[in-house]
Amino acid sequence: MRIEISGRSRFFHGLAMCAVLASPILSEAARGQEAGGSKFDAKALQMTVALMVDKGQGRVGVGITNPSDTQVWANVGIEAPGRVQCGVGKTSLAPGERTWVLCAVDNIVANKKYPITAEIYLDEKMSVSAGRKEGTGRFRHSDIEWLQNQLKPLVFPLTMTGVVHSDSVSLFATMGGKAGELLVNEEGLQYSNADKTLAIPVAQMLAVKPRIDRQHWIIVVEYQEGEESKTAVFQRSYGRGTHEGLDLFMRGLMAVYRPKATAQ
């Protein structure tokens with residue numbers, strides 16, 4: 001899983017989910033303890049981990065979901081290899097909500113196990129213990145590559161080759177359409193193959209909707225041309241396209257695209 005926190009946060013709000021090509025593996029071993037007569041079971045909490053970008057820095061994010069109807073507080077830490085304090089040491093876990101805590105881990109390594117602990121408390125002063133939640137996070141090489149691409153400075157133009165264009169999502173287009181080049185710069189998108197060229201200025205973009213998995217990727221762009229609303233679909237050619245460079249390309253595209261504010 002990859003998550004970006006961004007001040008511009010289009011498409012993403014606060015915690016913003018990027019296109020997920022692979023998810024980190026989390027194996028959990030949890031134990032709940034009763035303290036001070038508490039009936040709260042820390043095992044009920046659910047923990048996930050993700051690589052994140054916050055203010056230009058790579059972070060490990062720990063997401064804790066509290067499915068109970070009890071407000072609790074957590075002190076989260078990660079062993080990397082010594083204990084790293086996550087967040088400010090006190091995180092409020094509201095009933096029925098997921099809360100993300102950032103951990104400043106340097107030099108994140110693929111396929112390494114990162115033990116995570118969350119000490120749970122029943123009061124804001126963190127004086128009444130409700131037990132501990134434990135887990136282990138592990139990231140794949142593709143997750144590390146994604147993070148490295150997110151931290152690279154953007155240098156335009158960014159280009160994807162082996163791309164087919166159509167007016168709608170079509171399996172036939174990916175198999176038989178002529179592949180070309182898709183370019184993004186500060187002005188917008190430009191596409192060209194042997195038969196056609198297409199330019200979509202940023203000012204005309206209405207929506208950018210990526211659909212990405214490990215086998216294929218599609219970028220649907222809705223845009224305005226005069227009085228007419230149009231759709232352009234760009235996707236990987238099965239014959240010539242790849243995923244290489246896609247993370248950086250999408251980062252550049254979303255950096256230049258600015259959704260129009262919705263009238264209140």
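As a basis for the values below, the full set of heavy atoms in this structure was taken, side chains included, without hydrogen atoms, waters or symmetry mates. A quick note: this is a predicted structure, and the numbers were derived from the prediction, not measured. When a residue number appears, it is its place in the shown sequence, counting from 1.
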A.B. asks: Out of curiosity, does Y223 fall in the hydrophobic cluster containing M250 (side-chain heavy atoms, cut-off under 4.5 Å, transitive links)?
C.D. replies: yes

A.B. asks: Write down the atom of A232, the atom of H165, and the distance for their closest heavy-atom approach.
C.D. replies: CB-NE2, 3.9 Å

A.B. asks: Evaluate the side-chain proximity of Y121 to K90: yes if any heavy-atom separation is below 4.5 Å, no if none is.
C.D. replies: no

A.B. asks: Under the side-chain contact (heavy atoms from CB on, under 4.5 Å) rule, collect the residues that match up with L154, sequence neighbours excluded.
C.D. replies: F156, L158, L248, R251, A255

A.B. asks: To the nearest 0.5 angstrom, please state how far the CG atom of L147 sits from the CD atom of Q150.
C.D. replies: 7.5 Å

A.B. asks: Within the distance-only criterion (no hydrogens, no angle test), does the side chain of H243 pair as donor or acceptor with the backbone N or O of I212 below 3.5 angstrom?
C.D. replies: no

A.B. asks: Are side-chain heavy atoms of K133 and Q46 found at a separation under 4.5 Å?
C.D. replies: no

A.B. asks: Search all heavy atoms of I64 against all heavy atoms of A118 and return the closest pair with its distance.
C.D. replies: CD1-CB, 4.0 Å

A.B. asks: Who passes side-chain contact (heavy atoms from CB on, under 4.5 Å) against T159, sequence neighbours left out?
C.D. replies: T161, E181, L183

A.B. asks: Of all residues at least two apart in sequence or in a different chain, which pass the side chain to side chain donor-acceptor pair (under 3.5 Å) check with Y191?
C.D. replies: N193

A.B. asks: Please assess K209 against E222 for the test salt bridge (Lys or Arg N to Asp or Glu O under 4.0 Å), listing each intermediate value before the final yes or no.
C.D. replies: CA-CA 8 Å; K209 303 175 181 178; E222 298 173 2; 2.8 Å; yes

A.B. asks: Taking only residues at least two apart or on different chains, which pairs with a member in residues 158-169 satisfy salt bridge (Lys or Arg N to Asp or Glu O under 4.0 Å)?
C.D. replies: none

A.B. asks: How many angstroms lie between atom CG of L51 and atom CD1 of I144, to the nearest 0.5 angstrom?
C.D. replies: 5.0 Å

A.B. asks: Once salt bridge (Lys or Arg N to Asp or Glu O under 4.0 Å) is applied, what residue pairs with a partner in residues 228-246 remain, sequence neighbours excluded?
C.D. replies: E225-K230

A.B. asks: Return each pair, listed once, that meets disulfide (SG to SG under 2.5 Å) where at least one residue sits in residues 54-110; pairs must be two or more places apart or across chains.
C.D. replies: C86-C103

A.B. asks: Give the C-alpha distance, both sets of side-chain angles, the deciding distance and a yes or no for side chain to side chain contact (heavy atoms under 4.5 Å, CB included) between Q190 and N185.
C.D. replies: CA-CA 8 Å; Q190 298 176 23; N185 57 27; 3.5 Å; yes

A.B. asks: Residues two or more places apart in sequence or in another chain: which of them pass side chain to side chain donor-acceptor pair (under 3.5 Å) with D106?
C.D. replies: none

A.B. asks: For E187, enumerate each residue passing the side chain to side chain donor-acceptor pair (under 3.5 Å) test, keeping only those at least two apart in sequence or located in another chain.
C.D. replies: none

A.B. asks: Any side-chain heavy-atom pair from Y114 and T136 closer than 4.5 angstrom?
C.D. replies: no

A.B. asks: So which heavy atom on Q235 is nearest to which on S166, and how close?
C.D. replies: NE2-OG, 3.9 Å

A.B. asks: Can you name the nearest heavy-atom pair linking V84 to A104, along with the distance?
C.D. replies: CG1-O, 3.7 Å

A.B. asks: Would you say the side chain of M205 lies within less than 4.5 Å of the side chain of V221, judging by non-hydrogen atoms?
C.D. replies: yes

A.B. asks: Applying side chain to side chain contact (heavy atoms under 4.5 Å, CB included), run through I78 and R83 and close with a yes or a no.
C.D. replies: CA-CA 5 Å; I78 185 170; R83 188 180 191 279; over 6 Å; no

A.B. asks: Give every residue pair that meets the side-chain hydrogen bond (donor to acceptor under 3.5 Å, both in side chains) criterion with at least one member in residues 67-77, sequence neighbours excluded.
C.D. replies: N66-S68, Q71-S92, N75-Q85

A.B. asks: Answer yes if V208 and V164 sit in the same cluster of Ile, Leu, Val, Met, Phe, Trp and Tyr residues linked by side chain heavy atoms under 4.5 Å apart, and no otherwise.
C.D. replies: no

A.B. asks: Quick check for you: to the nearest 0.5 Å, what is the distance between L189 atom CG and F249 atom CZ?
C.D. replies: 5.5 Å

A.B. asks: In the hydrophobic clustering (ILVMFWY, side-chain contacts below 4.5 Å, transitive), which residues join V169, or is it alone?
C.D. replies: I218, V220, V233

A.B. asks: Would you please test F234 and L198 for side chain to side chain contact (heavy atoms under 4.5 Å, CB included) and show each step?
C.D. replies: CA-CA 11 Å; F234 306 101; L198 173 67; 4.0 Å; yes

A.B. asks: With rounding to the nearest 0.5 Å, note down the distance linking CD in E145 to CG in D247.
C.D. replies: 7.0 Å

A.B. asks: Might you work through the side-chain hydrogen bond (donor to acceptor under 3.5 Å, both in side chains) test for S229 and Q224, ending with a clear yes or no?
C.D. replies: CA-CA 5 Å; S229 296; Q224 192 80 23; 3.1 Å; yes

A.B. asks: Is any side-chain heavy atom of W146 closer than 4.5 Å to a side-chain heavy atom of V53?
C.D. replies: yes

A.B. asks: Grouping I, L, V, M, F, W and Y whenever their side-chain heavy atoms are under 4.5 Å apart, do V101 and M126 come out in a common cluster?
C.D. replies: no

A.B. asks: Working to the nearest 0.5 angstrom, can you tell me the gap between L45 CG and M47 CE?
C.D. replies: 8.5 Å

A.B. asks: Any sub-3.5 Å donor-acceptor pair from D54's side-chain atoms to Q57's backbone N or O?
C.D. replies: no

A.B. asks: Does T117 reach the side chain of V76, with side-chain heavy atoms less than 4.5 Å apart?
C.D. replies: no

A.B. asks: Could you report the tightest heavy-atom contact between P67 and A44, atom names first, then the distance?
C.D. replies: CG-O, 3.1 Å

A.B. asks: How long is the gap from OG on S237 to NZ on K178, to the nearest 0.5 Å?
C.D. replies: 12.5 Å

A.B. asks: Please check if the number of heavy atoms outside K125 that lie under 6.0 Å from its NZ is greater than 12.
C.D. replies: no

A.B. asks: Measure from the side-chain N and O atoms of Y257 to the backbone N and O of G188, and report whether any donor-acceptor pair falls under 3.5 Å.
C.D. replies: no

A.B. asks: Output, in order, the C-alpha distance, side-chain angles, deciding distance and verdict of side chain to side chain contact (heavy atoms under 4.5 Å, CB included) for W100 and T91.
C.D. replies: CA-CA 9 Å; W100 286 95; T91 300; over 6 Å; no

A.B. asks: Under 4.5 Å between any side-chain heavy atoms of W217 and V163, yes or no?
C.D. replies: yes

A.B. asks: Identify, with sequence neighbours excluded, every residue that meets side-chain contact (heavy atoms from CB on, under 4.5 Å) alongside N111.
C.D. replies: R138, H141

A.B. asks: Listed by chain and number, what are the side chain to side chain donor-acceptor pair (under 3.5 Å) partners of S127, not counting sequence neighbours?
C.D. replies: D123

A.B. asks: Are H216 and T174 packed together at the side-chain level, in the sense that at least one heavy-atom pair is separated by less than 4.5 angstrom?
C.D. replies: yes

